[in-house]
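This report refers to the structure that appears directly beneath it.
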Amino acid sequence: AGVTVTVAVFFSVFAAYAGNPALRLIALSVLGGCCGFLLYNSFISTLYGGHMKKQNQLINLALAAMLLALAFVMPFLTGQIPEIGAALSPMHIPALLCGFICGWPWGLGVGIAAPIMRSLLTGGFPPIFPTAVCMAFELAAYGAIAGIMHRLLPKKKMYIYCSLLISMISGRVIWGIAMFTVLGIS
């Protein structure tokens, strides 16, 4: 949530500079939600017993939903600048964050849902077949592998970078396999 606060501040300033009040409202909404989350969870470590597991699941659900919404909105933000929008599709960032923060099952779910939901709700961007289907495999791999590696490796900075690198390379390999399988060789 702390990283998302930084990103939301950046997008809020960017939207204000670009003169887009709708994007600024979205960024400020995400910022407010993250600040509320951080304030609410500052005392979560004092909870013990059976309530903690239910509380964690609820927090993971809320975070996964917020990251899924962020995966839906972020391509709109980068698409405002044609040079950046053509080269960068930032839907992988929320899937990776979800894997790191919420765990591999949540990262897998957000990774599968993000490109398919975006394709269905925006009228075909990215195109459902083959792009969104193959992106679903890629982003699911990003989220799941990031979560698994983060859980298995020590929580030191070097190992977090290793987890990120391994998940990104694996996701791209899985995307290549999915594209090869879907399109085949002619």
Side-chain angles (χ1 to χ4, degrees), residues 1 3-4 6-8 10-11 14-15 20 22-23 26-27 30 34 57 60-153 159-186:
V3 172
T4 309
T6 307
V7 171
F10 168 78
F11 280 122
F14 173 76
N20 194 331
L23 294 178
I26 292 169
V30 170
C34 288
Q57 290 297 325
N60 284 343
L61 177 65
L63 279 172
M66 185 178 69
L67 289 167
L68 182 61
L70 196 60
F72 183 78
V73 171
M74 283 181 77
F76 285 126
L77 299 175
T78 59
Q80 300 294 321
I81 304 171
E83 295 84 21
I84 294 175
L88 176 68
S89 178
M91 282 199 300
H92 68 282
I93 297 170
L96 286 164
L97 284 173
C98 192
F100 279 118
I101 295 169
C102 301
W104 74 267
W106 295 99
L108 179 80
V110 167
I112 290 171
I116 305 245
M117 181 186 80
R118 181 148 170 51
S119 179
L120 293 174
L121 294 176
T122 60
F125 182 75
I128 191 75
F129 189 79
T131 309
V133 172
C134 294
M135 281 179 73
F137 283 107
E138 176 188 18
L139 297 181
Y142 284 159
I145 294 170
I148 290 169
M149 297 304 294
H150 186 64
R151 183 176 206 156
L152 293 177
L153 296 176
Y159 293 107
I160 292 172
Y161 289 129
C162 289
S163 300
L164 181 64
L165 184 65
I166 290 168
S167 62
M168 291 184 78
I169 290 171
S170 302
R172 291 307 286 178
V173 168
I174 288 174
W175 177 83
I177 292 169
M179 286 297 276
F180 178 78
T181 304
V182 167
L183 298 178
I185 289 187
S186 35

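Scope of the values below: all heavy atoms of this structure, side chains included, with no hydrogens, waters or symmetry mates.
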>> Suppose we screen for ring pair (Phe, Tyr, Trp, His ring centres under 6.0 Å). Which residues come up paired with F137, at least two apart in sequence or across chains?
In response: none
Listing, residues 63-74 side-chain donor-acceptor contacts under 3.5 Å, not counting sequence neighbours, or none:
none

> Do you know which two heavy atoms are closest between M91 and P75, and how far apart they sit?
Replying inline: CG-CG, 3.5 Å
Identify all side-chain donor-acceptor contacts of residues 160-172 below 3.5 Å with residues at least two apart in sequence or on another chain.
unit_1 : atom_1 : unit_2 : atom_2 : d
S163   : OG     : Y159   : O      : 2.9
S167   : OG     : S163   : O      : 3.0
S167   : OG     : L164   : O      : 2.9
S170   : OG     : I166   : O      : 2.7
R172   : NH1    : E138   : OE2    : 2.8

Distance-only donor-acceptor pairs under 3.5 Å for side chains of residues 98-109, two or more places apart:
none

>> With salt bridge (Lys or Arg N to Asp or Glu O under 4.0 Å) as the rule and sequence neighbours excluded, what pairs involving residues 66-79 come up?
In response: none
> Which residue pairs pass the salt bridge (Lys or Arg N to Asp or Glu O under 4.0 Å) test when at least one of the two sits in residues 141-151, sequence neighbours left out?
Replying inline: none
>> With salt bridge (Lys or Arg N to Asp or Glu O under 4.0 Å) as the rule and sequence neighbours excluded, what pairs involving residues 161-170 come up?
In response: none
> Going by the salt bridge (Lys or Arg N to Asp or Glu O under 4.0 Å) test, which pairs reach into residues 60-69, not counting sequence neighbours?
Replying inline: none
> Of all heavy-atom pairs between C134 and M179, which one has the smallest distance, and what is that distance?
Replying inline: SG-SD, 3.2 Å
>> Quick one: does any side-chain atom of T181 pair with a main-chain N or O of I177 as donor and acceptor, under 3.5 Å?
In response: yes
> Which distance, rounded to the nearest 0.5 Å, do you find between the NE2 of H92 and the CG of L97?
Replying inline: 9.5 Å
